[in-house]
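On a predicted model such as this, the values are computed, not experimentally measured, just so you know. Below, chain A is the first sequence line, B the second, and so on; all start at residue 1.
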There are 4 protein chains.
Amino acid sequence: MTDARPANVKSESEDRKGRKGTRHARRLQLIESTIDSLAARGYAETTLADVAKGAGLSRGIVNFYFESKEKLLVATLQHMAEEYAAHWRSALAKASSDPADQLLALVRADFDPAICNRRKLAAWCAFWGEARSRPTYQAHCGSRDEAYQQLLERMCRDLADSGNYSIDPHSVAVALDALLEGLWLRLMMGSAKLSRDAAREAAISFLAASFPRHFPR
Amino acid sequence: MTDARPANVKSESEDRKGRKGTRHARRLQLIESTIDSLAARGYAETTLADVAKGAGLSRGIVNFYFESKEKLLVATLQHMAEEYAAHWRSALAKASSDPADQLLALVRADFDPAICNRRKLAAWCAFWGEARSRPTYQAHCGSRDEAYQQLLERMCRDLADSGNYSIDPHSVAVALDALLEGLWLRLMMGSAKLSRDAAREAAISFLAASFPRHFPR
Amino acid sequence: MTDARPANVKSESEDRKGRKGTRHARRLQLIESTIDSLAARGYAETTLADVAKGAGLSRGIVNFYFESKEKLLVATLQHMAEEYAAHWRSALAKASSDPADQLLALVRADFDPAICNRRKLAAWCAFWGEARSRPTYQAHCGSRDEAYQQLLERMCRDLADSGNYSIDPHSVAVALDALLEGLWLRLMMGSAKLSRDAAREAAISFLAASFPRHFPR
Amino acid sequence: MTDARPANVKSESEDRKGRKGTRHARRLQLIESTIDSLAARGYAETTLADVAKGAGLSRGIVNFYFESKEKLLVATLQHMAEEYAAHWRSALAKASSDPADQLLALVRADFDPAICNRRKLAAWCAFWGEARSRPTYQAHCGSRDEAYQQLLERMCRDLADSGNYSIDPHSVAVALDALLEGLWLRLMMGSAKLSRDAAREAAISFLAASFPRHFPR
DNA sequence: GATGAATGAGCCTTCATTCAT
DNA sequence: GATGAATGAAGGCTCATTCAT
């Protein structure tokens with residue numbers, strides 16, 4: 001799995017000053033550096049000094065753009081959640097109106113390198129570990145939020161209805177949701193035992209098992 | 001979900017200064033307190049002072065029984081991994097020799113309150129978040145280790161062979177493994193949206209979808 | 001003996017927050033405070049809190065300018081060694097080209113209050129006590145380093161040659177070197193039994209005994 | 001230089017119990033172990049755990065035989081001072097009544113391996129480093145105490161009188177005393193640059209220079 | 001806006017000392 | 001007497017945060 005890192009933020013060093021949109025760019029720059037640090041060092045070892053250094057900025061700057069470390073982390077999580085949601089919504093928009101096609105599009109989107117790469121998965125995982133004890137984080141973890149789950153469930157129900165399956169669409173939706181997250185977790189931890197492609201196939205084979213008449217092997 | 005906490009160690013406050021089963025018992029006592037703290041505060045906020053206080057002992061005690069915080073955490077993780085493995089092995093031993101029965105036993109064991117409760121799940125998750133950047137942890141995360149995965153795969157193959165399914169047993173095993181972990185993650189994070197029973201049913205419905213002739217609904 | 005303490009660094013309290021000659025000046029300020037603490041409390045009882053307090057700064061400052069206590073102490077020792085060497089080199093430069101004159105200059109330099117005062121001697125002694133078990137210290141202890149000893153030896157040889165003495169110049173050099181250090185030790189410990197002047201005279205009387213035709217009484 | 005360590009105390013493990021003289025033996029055993037630790041680790045790093053372990057005894061024992069760490073260290077220093085004094089007194093008693101002979105005996109005693117070995121020198125040096133800030137130590141450091149110095153001075157005066165030297169006997173005594181201590185310091189620090197024999201010869205050559213008619217080369 | 005020196009709270013760790021056994 | 005578990009104070013160090021420049 002590649003460690004995809006969008007280089008579209010940090011490298012533009014010439015316009016560090018003189019822009020009006022600086023504020024937003026700076027925040028983004030720091031957020032990306034935060035993700036880097038979370039991926040490299042984990043949550044507990046991530047310090048503001050790391051983040052600032054990674055962004056090529058000075059130490060005090062973080063407290064200027066974000067008021068505290070806590071708020072930087074929340075903003076980072078929020079950024080990731082929004083990016084994730086935008087990604088699957090875009091994938092959905094490109095799919096046909098057929099529920100099976102849409103479901104497949106969602107699953108494929110989940111393993112798109114833009115979303116599913118070591119760096120981001122590691123950052124997600126770092127937040128998961130802390131989410132339990134931090135209500136602020138819980139709101140944005142998991143990435144697959146309420147809307148996503150309801151969407152999954154509606155699609156499963158549509159397929160179940162249209163295909164006369166004797167399954168419980170809710171259970172399938174819950175399982176699919178959990179399966180996707182579980183595969184992410186395995187991808188992140190697994191030292192090469194599981195490829196992104198194999199993970200996607202495992203997810204699709206679950207769809208095939210659940211809705212054999214819609215997802216022919 | 002209940003916060004199961006074995007009260008067999010800490011509650012005996014009258015012999016806190018007793019010299020009996022000391023070494024091993026004390027270590028266990030501190031490990032349990034560590035799990036408490038991980039569940040309550042998360043990895044990053046867990047301090048030795050918390051652990052000691054939770055065990056009703058003094059600050060210096062941790063470095064007496066474990067040499068460092070790091071070693072305490074590793075021992076805690078190891079303890080949890082061993083407990084988990086012992087649990088599913090025991091469940092497996094009680095099941096019949098029928099692969100379907102055994103698979104069901106494994107899945108049920110995974111959602112047994114003794115193993116699957118908020119406290120322990122939260123502790124697991126705390127370690128997951130740090131495992132990426134700590135090789136020492138990776139060895140013991142995930143709980144479902146190599147042996148477990150191979151067992152799943154063998155059972156899936158047995159069922160696939162005996163049932164003439166047109167599926168890839170490896171993919172199913174991978175998916176089942178990920179599904180279980182994903183359900184755990186959801187259970188831990190879910191603020192009551194998902195019950196342990198619902199999670200188990202979702203897992204079983206996955207088995208039913210994959211091996212319909214072995215797991216009748 | 002006076003407790004000479006150069007007041008050129010710390011006393012300027014009004015610009016304590018100044019940014020001027022910062023880095024180097026602050027390091028010097030902390031080093032001087034370290035010497036103070038070593039002299040007052042000894043090596044074992046010198047804490048970073050003492051040093052910081054003595055410098056009128058906060059606790060965290062030492063780890064900011066020096067990375068650790070160890071490095072602060074090494075820097076302190078190095079500073080003292082360099083100061084000592086600069087001092088005798090300067091004294092030597094001011095002397096005539098006559099070996100006897102030069103030798104006398106070296107001895108006198110050794111008991112110059114700028115170098116030989118309770119505060120500095122105590123600091124030296126503190127390091128001597130730890131040098132055995134710390135290789136890092138050994139390099140800079142003794143003050144009278146390799147170069148110094150070879151210089152002494154060359155001078156003794158010059159005098160021995162020019163004066164037809166029947167002595168072993170190496171032995172005399174070794175003895176002189178040890179004598180100077182021993183006198184320092186006595187000065188430091190001696191509760192007023194030995195004055196700096198008496199010590200210098202004792203050293204000179206050694207020269208007179210060794211090279212009677214060069215050092216008339 | 002050898003690391004002479006009298007094995008007459010610790011090795012008698014069979015009579016650890018059942019003796020009446022235990023108390024004294026135990027204290028000696030702990031004192032010897034303290035010297036070991038001071039020599040190996042230095043003053044600052046010497047802990048009671050080290051001492052106890054070195055003596056093959058349990059941790060709590062030190063506070064039983066000595067009331068505190070401080071008192072153990074004082075007792076150790078006292079022991080060394082007494083041993084040193086007994087040694088030179090014995091050497092003196094064996095010498096003839098000739099002052100020159102006595103002086104030589106004292107110097108030779110100072111470099112006797114029983115007294116002058118790495119282990120003991122290192123222990124002495126450890127105390128020197130702390131003596132300044134600890135009045136309790138100062139009383140016993142230096143080893144060459146008041147009586148010793150007065151003895152040296154009287155001998156120097158005797159020789160000066162009987163030899164018609166134009167020297168100041170007091171200065172010579174002071175110098176000799178310092179020279180001996182300085183040589184010890186060099187022996188302890190020097191990584192083999194100076195042998196015990198060379199040190200003794202340097203001291204004797206000083207006597208020869210000061211009193212040429214009494215100490216022919 | 002941006003920097004980085006400075007602060008100080010809090011953590012891990014060490015260790016002298018106590019005390020039940 | 002002897003042991004070693006247990007305590008708690010204190011030290012070194014890290015790091016989020018502040019603020020003068």
Closest-nucleotide 5' rank along DNA chain E - winner of G60(C) and E67(B):
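So the residue in question is G60(C).
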By nearest nucleotide on DNA chain F, pick out whichever of F64(B) and S68(C) is the more 5' one.
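Nearer the 5' end of the strand: F64(B).
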Between R59(C) and dG10(E), does any side-chain N or O lie under 4.0 Å from OP1 or OP2?
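No, because none of the side-chain N or O atoms of R59(C) sits under 4.0 Å from OP1 or OP2 of dG10(E).
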Compare side-chain N and O positions of R23(B) against OP1 and OP2 of dG4(F) and report whether any pair is under 4.0 Å apart.
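R23(B) to dG4(F) OP1/OP2: no side-chain N or O under 4.0 Å.
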Watson-Crick/G-U partner (both atom distances under 3.5 Å) of dA20(F):
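In the structure as shown, dA20(F) has dT3(E) as its Watson-Crick or wobble partner.
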For dT14(E), the Watson-Crick or wobble counterpart (both distances under 3.5 Å):
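The base-pairing partner of dT14(E), which may sit in any strand shown, is dA9(F).
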[X] [atom1] - [N] [atom2] separation (whole Å):
X      : N       : atom1 : atom2 : answer
R27(A) : dG1(E)  : CZ    : P     : 12 Å
L30(C) : dT7(E)  : CG    : P     : 10 Å
L57(A) : dG4(E)  : CG    : P     : 10 Å
L72(B) : dC11(E) : CG    : P     : 16 Å
K69(D) : dT17(E) : NZ    : P     : 8 Å
K53(D) : dT3(F)  : NZ    : P     : 15 Å
N63(B) : dA10(F) : CG    : P     : 18 Å
R41(A) : dT14(F) : CZ    : P     : 15 Å

Measuring only between side-chain heavy atoms, which start at C-beta, is [X] closer than 4.5 Å to [Y]?
X      : Y      : result
L72(C) : T76(C) : yes
I31(B) : F66(B) : yes
E32(C) : H79(C) : yes

Looking at [options], which one has an atom nearest to any side-chain atom of [X]?
X      : options                 : result
L48(C) : dG4(F), dG12(F), dG1(E) : dG12(F)
T47(B) : dA5(E), dG8(E), dC11(E) : dC11(E)
I61(D) : dT3(E), dT13(E), dT3(F) : dT3(F)

Taking atom types as modelled, is there a side-chain donor on T22(B) or R26(B) under 3.5 Å from an acceptor on the other?
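Checked: T22(B)/R26(B) side chains show no N/O donor-acceptor pair below 3.5 Å.
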Does the side chain of T47(A) come under 3.5 Å of the side chain of D50(A) through a donor N or O and an acceptor N or O?
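Result is yes, a qualifying pair exists.
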Any base atoms under 4.0 Å from F66(C), or only sugar-phosphate, or nothing? Heavy atoms, all strands.
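F66(C): no heavy atom of the nucleic acid under 4.0 Å.
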